[in-house]
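First comes the structure, then the notes that go with it.
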Amino acid sequence: MRKAAVRIGLVVCGAVFLVAVWNIVSILSAYRQGEQLYTETAEQYVQEATEPTQQAEAAEDAAQSSALTPEAVDTVTETAEPPISVDFDSLQAVNPEVVGWLYCADTAINYPVLQGTDNEYYLHHLYDGTYNSSGSIFVDCNNSADFADANTILYGHHMRNGSMFAGLQKFADQTYYEEHPVMWLLTPEKNYKILLVSGYTTSADSDTYTIFPQPDQAWEDYLTQCLAQSDFTAAVDTGGAEKLITLSTCAYSFEDARYVLHGVMVEVGN
């Protein structure tokens with residue numbers, strides 16, 4: 001009787017182990033599938049600027065400086081041309097819900113931006129519709145699809161392999177921010193330079209996720225609050241700003257924690 005119980009216990013333990021191994025293999029396979037698709041998508045639809053302007057080269061040197069002085073910030077933020085171009089016609093032929101492309105030099109952020117009819121679908125689907133735990137970078141379904149709102153919210157998973165929006169929390173470090181002060185958002189109609197101004201941990205139900213159609217007094221108060229709680233100090237003059245973009249991903253410092261990164265959107269090259 002005792003030997004039979006031991007055998008049953010071993011069988012159960014073995015089954016549990018096999019299920020755990022299968023789950024890990026499945027997760028890693030999904031990670032690889034998602035990463036491969038987005039890598040191939042960038043290679044197929046995104047082209048780097050072949051001849052950067054003298055201004056762009058100076059901006060890149062400034063952005064890589066170990067000490068981002070106010071003068072260096074001016075150089076970075078005055079860059080007029082995006083460092084990449086995107087074939088949106090071909091992308092939207094694959095999925096018409098592609099509304100933009102988000103890029104940050106020397107990081108993993110180089111992804112198409114989607115917008116669905118809800119905030120659930122692209123949590124678990126790649127941009128081509130494939131079911132995958134990596135999901136996509138997507139705009140809040142309540143935002144305007146053309147980024148016309150005064151605060152546009154983008155969501156992305158905090159993937160363990162460093163993909164998607166996992167790197168957002170790195171901006172909690174001042175040095176990392178100084179090395180990556182700018183992102184780019186390209187859309188079929190307009191291109192935007194994103195001057196990063198604030199990053200911090202918040203809760204999933206905080207006022208951070210307020211959508212403002214227009215830059216009114218409430219929006220100005222919101223911006224002031226965002227700047228006040230930032231982990232890094234940005235030498236960016238936000239006076240005259242009219243549009244913010246808010247990038248959001250999961251954080252793990254408390255239950256339902258999120259790390260958010262705010263940037264001022266500046267239209268360029270149009």
Side-chain angles (χ1 to χ4, degrees), residues 45-46 77-104 109-123 127 135-156 164-165 168 181-199 202 206-227 234 236-249 258 260-270:
Y45 301 115
V46 178
T77 58
E78 287 173 4
T79 305
E81 296 294 333
I84 62 171
S85 60
V86 179
D87 181 359
F88 281 110
D89 289 339
S90 298
L91 265 176
Q92 291 180 327
V94 177
N95 186 345
E97 292 188 328
V98 172
V99 295
W101 190 281
L102 185 67
Y103 174 78
C104 184
I109 297 177
N110 188 24
Y111 296 111
V113 178
L114 287 295
Q115 187 182 41
T117 56
D118 56 45
N119 288 337
E120 296 295 327
Y121 183 80
Y122 286 112
L123 281 174
Y127 94 97
S136 301
I137 305 301
F138 64 95
V139 179
D140 192 294
C141 64
N142 296 303
N143 271 123
S144 173
D146 61 359
F147 300 90
D149 292 325
N151 186 30
T152 299
I153 303 171
L154 271 62
Y155 304 99
M164 308 310 286
F165 274 177
L168 292 192
V182 173
M183 291 189 186
W184 297 88
L185 175 70
L186 280 66
T187 80
E189 293 80 24
K190 298 178 180 180
N191 297 326
Y192 297 94
K193 176 175 49 185
I194 300 173
L195 311 181
L196 300 177
V197 295
S198 176
T202 189
S206 73
D207 292 340
T208 292
Y209 298 95
T210 304
I211 294 175
F212 296 91
Q214 300 294 332
D216 54 14
Q217 184 59 53
W219 178 86
E220 292 182 8
D221 294 341
Y222 172 87
L223 175 56
T224 299
Q225 182 178 359
C226 292
L227 297 175
V236 176
D237 183 5
T238 58
E242 295 184 347
K243 289 184 181 180
L244 284 178
I245 192 165
T246 299
L247 315 182
S248 174
T249 194
R258 300 290 186 270
V260 296
L261 194 62
H262 298 284
V264 172
M265 296 175 63
V266 180
E267 187 176 335
V268 296
N270 297 304

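V99 approaches T187 most closely through the heavy-atom pair O-CB, 3.7 Å. Closest approach of I245 and M265 over heavy atoms only: CB-SD, 3.8 Å. Nearest approach of P83 to Y103, heavy atoms of both residues: CG-CE2, 3.6 Å. Here the closest non-hydrogen pair linking P215 and A150 is N-CB, 3.6 Å. Smallest separation of non-hydrogen atoms from F147 and T152: CD2-CG2, 3.6 Å. Closest non-hydrogen pair, D87 versus S90, comes out as OD2-OG, 2.6 Å.
Taking D146 as the reference, S144, A148 meet the side-chain contact (heavy atoms from CB on, under 4.5 Å) condition, with sequence neighbours excluded. In this structure Y122 satisfies the side chain to side chain donor-acceptor pair (under 3.5 Å) test together with N95, E97, sequence neighbours excluded. Residues satisfying the side chain to side chain donor-acceptor pair (under 3.5 Å) test with T238, not counting sequence neighbours, are none. Judged as a side chain to side chain donor-acceptor pair (under 3.5 Å), and not counting sequence neighbours, the contacts of Y222 are N151. Remark: D221 pairs with Q217 by the side chain to side chain donor-acceptor pair (under 3.5 Å) rule, at least two apart or across chains. With sequence neighbours excluded, the residues that form a side-chain contact (heavy atoms from CB on, under 4.5 Å) with I211 are D140, N142, N143, D149, I153.
Taking CG from L223 and CG from L244, the interatomic distance works out to 5.5 Å, rounded to the nearest 0.5 Å. Note that NZ of K243 and CH2 of W219 are 11.0 Å apart. Values are rounded to the nearest 0.5 Å. A distance of 5.0 Å separates CE of M183 from CG of L261, quoted to the nearest 0.5 Å. Residue F138 holds its CZ atom at 9.0 Å from CG of L154, rounded to the nearest 0.5 Å. In this structure, the separation between CG on L227 and NE2 on H262 is 8.5 Å, given to the nearest 0.5 Å. With rounding to the nearest 0.5 Å, the separation of CG in N191 from CG in L186 is 4.0 Å.
Ring geometry, Y45 versus Y127: the interplanar angle exceeds 60°, so the pair is classed perpendicular (tilted spans 30 to 60°).
Taking the side chain as every heavy atom from C-beta outward, L196 and P181 never approach each other to under 4.5 Å. In this structure, W101 and L91 have side chains that are in contact, with non-hydrogen atoms separated by less than 4.5 Å. Between Y111 and F165, every side-chain heavy-atom pair lies at or beyond the 4.5 Å cut-off. Here the side chains of K193 and V182 are in contact, with some heavy-atom distance below 4.5 Å. V268 has its side chain out of reach of E81: every pair of non-hydrogen atoms, C-beta onward, lies at least 4.5 Å apart.
The local environment of CG in D207 is sparse, with at most 12 non-hydrogen atoms from other residues, nucleotides or ligands closer than 6.0 Å. Sparse packing is recorded around CD of E242, with 12 or fewer heavy atoms of other residues, nucleotides or ligands lying under 6.0 Å away.
Put simply, the side chain of S198 gets close to the backbone of C226: a donor and an acceptor are under 3.5 Å apart.
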